[in-house]
Each structure stands twice: as C-alpha cells, then as structure tokens.
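Have a look at the structure below, then the notes.
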2 protein chains.
Amino acid sequence: MFNNVLIAEDQDFVNLGIREVLQNLEIEKITHSQYCDEAYLKLKRAALDNKPFDLLICDLNFKADHRNEKIESGEALASLLKKEIPDLKIIINTVEEHPNIVKRVWNSGIADAYVIKDRNGFKSLETAIKKLTINDKYLAPSIEGILSKSNVIELSDYELELLKYVSKGYSQEEIHQVFKNYKISPNSKSSIEKKLKELRELFEAKTNPHLITVLKDLQII
Amino acid sequence: MFNNVLIAEDQDFVNLGIREVLQNLEIEKITHSQYCDEAYLKLKRAALDNKPFDLLICDLNFKADHRNEKIESGEALASLLKKEIPDLKIIINTVEEHPNIVKRVWNSGIADAYVIKDRNGFKSLETAIKKLTINDKYLAPSIEGILSKSNVIELSDYELELLKYVSKGYSQEEIHQVFKNYKISPNSKSSIEKKLKELRELFEAKTNPHLITVLKDLQII
DNA sequence: CTCAGATTTGCGGAAAACCGTAAGAGTTTA
DNA sequence: TAAACTCTTACGGTTTTCCGCAAATCTGAG
C-alpha cells in the first residue's frame with residue numbers, strides 16, 4: 001500500500017473528499033497542492049531528499065488564477081513527472097469524460113489510473129488505489145467503452161488546421177493564400193472547398209456555421 | 001444557526017467536503033442527495049412531516065444518468081422550491097462562473113447565496129452560511145463584479161432565435177420562411193441579413209462561422 | 001517503365017451571402 | 001396633423017461559396 005501521497009487538486013471540497021478516501025485506506029502521509037507548479041516542486045524536492053512520494057492523485061483542469069503557472073494542466077504535470085520520476089504512480093481524477101481527451105491522456109501512458117469524479121468517485125478512487133498497489137492499471141467503468149470503440153471521429157492535422165481558419169473567420173480565398181505560404185498541402189481553392197464539403201457530410205452539417213456548431217459541441221475544436 | 005441541512009450534489013467527493021464544512025459549524029442533521037428529484041421529494045416530505053429542512057446547499061449541474069430525472073438541474077430544483085417552500089434558504093454551490101448563467105440565476109432570486117467551488121470553496125461556503133443565519137445574502141467575491149458591470153452582452157429573444165437557426169444550418173432563405181410562418185418579425189430576407197451583419201460587427205466576427213465560434217466560446221449559444 | 005487508381009487542381013456556372021440605397025410602414029414629437 | 005425619426009422591406013449588383021466535371025499530378029504495383 002502507498003504511504004506518501006500527494007493530491008494535486010484545486011477545488012478544496014474535492015481535496016477534503018479525497019483525503020477521506022485515503023484516511024479510510026489508512027494512508028498516513030497526505031499532502032496536497034492547489035497548483036500544478038507547487039505540486040511539481042514538492043514532488044521533485046521529495047525525490048531529491050530521498051523521501052519520494054509514491055502516489056500522485058491529480059486533477060486535469062486547474063482554474064487560472066492571479067499566479068501565473070508554468071504548468072497549467074494536470075496533463076502537463078503528469079507528462080513531465082512520468083519522464084522525470086518514472087517510479088511515481090499517477091492517478092488522474094477528473095470530471096473530464098470527453099472521448100478525445102480521455103483517449104489522448106490514456107494512450108499517452110502518463111497515467112496508471114483514470115478516475116471520474118462522479119456519483120461513485122469515492123468507490124472508484126478506492127478501487128484504483130487498490131489496483132495500483134498490486135501494480136495493476138485502472139480505468140473508470142464509465143469510460144472503458146470509449147477507448148475500445150472507434151466512436152471517436154479522428155480528424156487529421158490538416159483538417160483541424162483548415163477548420164481552425166474557418167472558425168477564425170478566414171475566407172476560402174484567404175485560407176488558400178495562408179496554406180500556400182505555409183506550404184500546407186493541398187492548398188488550392190478547389191481542394192479546400194472539397195475538403196470542407198467532405199467535413200460537412202461527415203458531420204451531417206448543412207452549412208459551415210452548422211459545421212462549426214457540431215464540432216464545438218463535440219469539443220473537436 | 002441552521003440545524004437541518006440538505007445537500008444536493010452529485011459528486012461524492014464534494015459531498016464529503018461540504019459535510020465537513022457543516023460539521024465544523026456544528027450543524028448536526030446533515031442529509032444528502034445525489035439526484036434532484038430525490039432531493040425535491042425529501043424536502044417536500046420533511047415539510048409535510050413538520051420537520052422541514054432549513055437550508056439547501058445545491059449544485060447547478062447534475063450529470064445525466066440511467067435514471068431519468070424530471071428535475072435536471074439545480075436551477076430548476078431551486079426555482080421550484082423557492083415557490084413551494086419560501087422559508088427554505090438556498091445556497092447555490094457550483095463551478096459555474098459564466099456571466100450569463102450567474103446573472104440569470106442570481107437575478108431570478110431563487111438563491112440566497114451563490115458560492116463558487118474553487119480553491120476557497122470551503123471558506124466561501126462557511127461565510128455564506130454565517131451570512132444566511134443573520135438573514136443576509138451572499139455572493140462569492142470572484143463573481144461580484146460580474147453582476148454590476150454591464151460586460152454581459154445581452155441578446156434579445158429575436159437575436160437568439162435567429163442565431164439558433166443559423167447554427168442549425170438553415171439558410172437565410174429558410175429562416176425567412178420559418179419566421180414568416182411563425183409570425184416572427186422582422187422576417188424579410190433583407191432584415192435577416194442586416195441583423196446578422198449587426199451581430200457580426202457586435203462580436204467582431206468576420207464571417208458567420210466565425211460568429212458562431214465566438215458565441216459558442218462565450219456560451220451565448 | 002507503364003499503367004491504373006487516387007489525389008489535387010482549374011474552371012465555369014449556379015446558389016447563397018453580402019452590401020448599399022431607397023422606398024415604405026410605423027412611432028414619436030411638436 | 002405634419003414633420004422627424006426609426007424600423008422594415010425591396011431590389012440590384014458584387015463577392016463568396018458551392019458543385020461537378022475534366023485535366024493534371026502523384027503514387028504504387030507489376
């Protein structure tokens with residue numbers, strides 16, 4: 001079982017809740033941090049002092065603040081730490097269920113467990129910790145399906161770039177120019193038109209404003 | 001001081017956190033509910049039994065579930081209760097800081113306090129409860145500015161309706177037809193064009209897709 | 001290398017959106 | 001009631017987007 005745990009979580013209500021889970025499991029040393037940068041420093045310092053933390057429980061989204069943080073998200077924090085302190089186990093504890101994000105975070109391998117803060121967050125986190133002590137991974141049941149299914153429409157970098165310009169108010173002519181300058185291909189007006197038509201069909205959108213709406217709702221852009 | 005409090009909150013971590021605030025204030029009877037419908041029934045039942053709750057602490061957003069709830073949001077719940085049990089004090093405890101939503105909820109008068117679940121949620125909730133015991137209202141400091149300032153661009157029902165159709169992929173010709181049928185005025189193609197142009201200028205959008213992006217980002221649509 | 005297939009491009013015409021102007025309808029003010 | 005003003009509509013011309021076809025270019029297999 002773990003006995004030196006760091007919680008990186010900005011909401012203090014949740015902090016208290018997590019603390020209670022840990023106390024239930026008779027984990028003694030519990031530290032917490034409301035900022036990513038601070039969490040990072042504590043973890044590094046502890047490692048240098050040869051009193052390393054053995055578990056990080058970490059939210060994904062941190063609210064911006066008057067402080068300006070270098071590390072702005074749990075994903076960035078976990079990604080750094082997985083490289084620098086490979087022994088550290090990391091649990092992502094978040095409300096984020098968007099397929100694209102879950103998929104990205106999980107497949108990047110920065111997390112040993114992914115827990116959803118929902119009605120069963122308490123039980124779920126408990127299970128995750130137990131799994132991790134026996135070197136298992138853990139994925140919240142509600143998102144297990146997401147990864148296996150190919151229900152996530154993947155867009156290429158080219159398509160995302162194109163959509164970015166459309167959503168920022170560039171005309172097709174302007175996009176044509178920009179792509180030509182940046183040597184992004186294909187960049188003919190014809191190809192741009194065609195690709196946009198494809199995307200509209202893919203997402204069953206009748207017009208470009210409609211397409212933007214659909215993509216925003218799916219959080220693809 | 002209150003002594004019979006109901007917490008309506010789906011995330012159980014937060015539930016635990018709130019519980020701790022209440023215990024700190026030596027409030028004895030604490031009940032909680034992870035669903036709006038259930039919370040509503042408990043409050044009504046208690047009122048009928050002459051053991052009414054005197055405070056409701058209520059989240060705004062509840063995650064959908066296999067159960068289908070009639071009351072889907074804290075706003076709907078609070079709105080119902082303020083009518084049916086006027087004596088009940090209501091604290092909205094949420095992460096929702098969007099000006100439009102804060103403004104709507106607060107100005108509707110359904111809440112006696114509005115607390116943001118952030119880094120200082122604990123302190124903030126504590127303060128709110130103390131204020132309410134002396135019949136004061138309470139608004140989280142981070143959103144106080146929002147209400148006074150007129151930084152919230154208010155759109156008319158007409159404008160919102162128009163934008164709804166644009167975002168759903170209707171052409172200007174189609175919108176013209178729909179508005180004529182529904183006797184929404186103005187409905188000439190010319191007026192629709194003009195209004196859209198106005199909106200683009202108001203939000204500094206170059207194209208309609210751009211306008212949709214901006215409005216989505218502002219959560220206006 | 002050569003041919004087949006896919007991708008990219010160019011182009012012309014149709015449809016939709018855009019824009020300014022002026023006429024018409026409805027309101028307010030004197 | 002008339003004049004001033006605002007809001008709505010009609011209309012003509014321009015720009016942008018949309019669409020399909022065919023030529024050109026690229027790619028990979030034989």
Side-chain angles (χ1 to χ4, degrees), chain A residues 150 152-218 220-221, chain B residues 150 152-218 220-221:
Chain A
S150 59
V152 188
I153 298 180
E154 294 275 2
L155 294 187
S156 66
D157 288 350
Y158 175 79
E159 288 165 325
L160 288 173
E161 197 72 3
L162 172 57
L163 289 166
K164 195 184 85 186
Y165 283 105
V166 172
S167 71
K168 283 169 75 176
Y170 284 63
S171 71
Q172 294 179 4
E173 172 65 29
E174 286 169 325
I175 296 174
H176 158 63
Q177 294 298 338
V178 171
F179 277 22
K180 216 168 63 182
N181 290 341
Y182 289 174
K183 309 221 190 301
I184 298 172
S185 169
N187 56 41
S188 69
K189 286 188 66 177
S190 184
S191 294
I192 289 167
E193 284 171 16
K194 194 167 170 241
K195 181 52 91 178
L196 267 173
K197 183 187 163 68
E198 248 179 66
L199 288 168
R200 282 197 303 274
E201 279 164 3
L202 181 58
F203 291 99
E204 295 173 20
K206 285 187 283 189
T207 62
N208 286 343
H210 191 192
L211 179 62
I212 299 293
T213 304
V214 172
L215 294 173
K216 277 280 181 189
D217 286 344
L218 291 172
I220 290 175
I221 56 172
Chain B
S150 60
V152 186
I153 298 180
E154 293 273 3
L155 295 186
S156 66
D157 288 349
Y158 175 79
E159 289 165 325
L160 288 173
E161 197 72 5
L162 173 57
L163 290 166
K164 195 184 86 186
Y165 282 104
V166 172
S167 71
K168 283 170 74 177
Y170 285 63
S171 71
Q172 294 180 5
E173 170 65 29
E174 286 170 326
I175 296 173
H176 158 63
Q177 292 299 339
V178 171
F179 277 22
K180 217 168 61 180
N181 290 340
Y182 288 174
K183 310 221 188 304
I184 298 171
S185 168
N187 56 41
S188 69
K189 285 189 67 175
S190 184
S191 294
I192 289 166
E193 282 172 18
K194 193 167 174 244
K195 182 51 90 177
L196 268 172
K197 183 184 164 71
E198 254 179 50
L199 288 168
R200 281 196 304 273
E201 278 166 3
L202 181 58
F203 291 99
E204 295 172 21
K206 284 187 282 188
T207 62
N208 286 341
H210 191 191
L211 178 63
I212 298 293
T213 304
V214 172
L215 293 173
K216 278 279 181 190
D217 286 345
L218 292 172
I220 289 175
I221 57 172

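Values reported hereafter were calculated over all heavy atoms of this structure, with side chains retained and with hydrogens, waters and symmetry mates removed. Residue numbering restarts at 1 for every chain, and letters A, B, ... go by the order of the sequence lines.
- Among the nucleotides dT17(D), dT9(D), dG20(D), the one closest to the side chain of S190(B) is dT9(D).
- What separates OH of Y170(B) from C1' of dA16(C) is a distance of 17 Å, to the nearest Å.
- One interatomic measurement links the two molecules: CD of E173(A) to P of dC11(C), which rounds to 13 Å at whole-angstrom precision.
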(request) Could you walk me through whether I175(A) and N187(A) pass side-chain contact (heavy atoms from CB on, under 4.5 Å), step by step? (result) CA-CA 8 Å; I175(A) 296 174; N187(A) 56 41; over 6 Å; no
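- Within the 4.0 angstrom heavy-atom criterion, no nucleotide atom of any strand lies near K189(B).
- One finds a side-chain N or O of N208(B) lying less than 4.0 angstrom from the OP1 or OP2 phosphate oxygen of dC18(C).
- Whole-Å rounding puts the E198(B) CD to dC19(C) P distance at 13 Å.
- The side chain of R200(B) sits closest to dC19(C) out of dC19(C), dC18(D), dT8(D).
- Among the nucleotides dA17(C), dT17(D), dT8(C), the one closest to any side-chain atom of S171(A) is dT17(D).
- Residues S167(A) and I212(A) come closest through the heavy atom pair CB-CD1, 3.8 Å.
- For P186(A), the listed nucleotide lying nearest its side chain is dT9(C); candidates were dG20(D), dT9(C), dT17(D).
- Distance CG (N187(A)) to C1' (dT8(C)): 10 Å, rounded to an integer number of Å.
- Atom P of nucleotide dT17(D) and atom CD1 of I175(A) are separated by 8 Å, given to the nearest angstrom.
- Remark on DNA chain D: of its neighbouring residues T207(B) and S191(B), the 5'-side contact belongs to S191(B), judged by nearest-heavy-atom nucleotide.
- If you measure from atom CD of E193(A) to atom P of dT8(C), you get 15 Å, rounded to the nearest angstrom.
- Within 6.0 Å of CG in N181(A) there are more than 12 heavy atoms belonging to other residues, nucleotides or ligands.
- A salt bridge does not link K189(B) with E193(B): none of the charged nitrogens is closer than 4.0 Å to a carboxylate oxygen.
- Straight-line distance from the CD1 atom of I192(A) to the P atom of dC19(D): 16 Å, rounded to whole Å.
- In this model, the phosphate group of dT15(D) is not approached by any side-chain N or O of Q172(A) to a distance below 4.0 Å at OP1 or OP2.
- Here K194(B) lies in heavy-atom contact (under 4.0 Å) with a base.
- The interatomic distance linking E201(A) (CD) with dC19(D) (C1') rounds to 11 Å, in whole Å.
- Listed for the E204(A) side chain is no donor-acceptor partner under 3.5 Å among the backbone atoms of E201(A).
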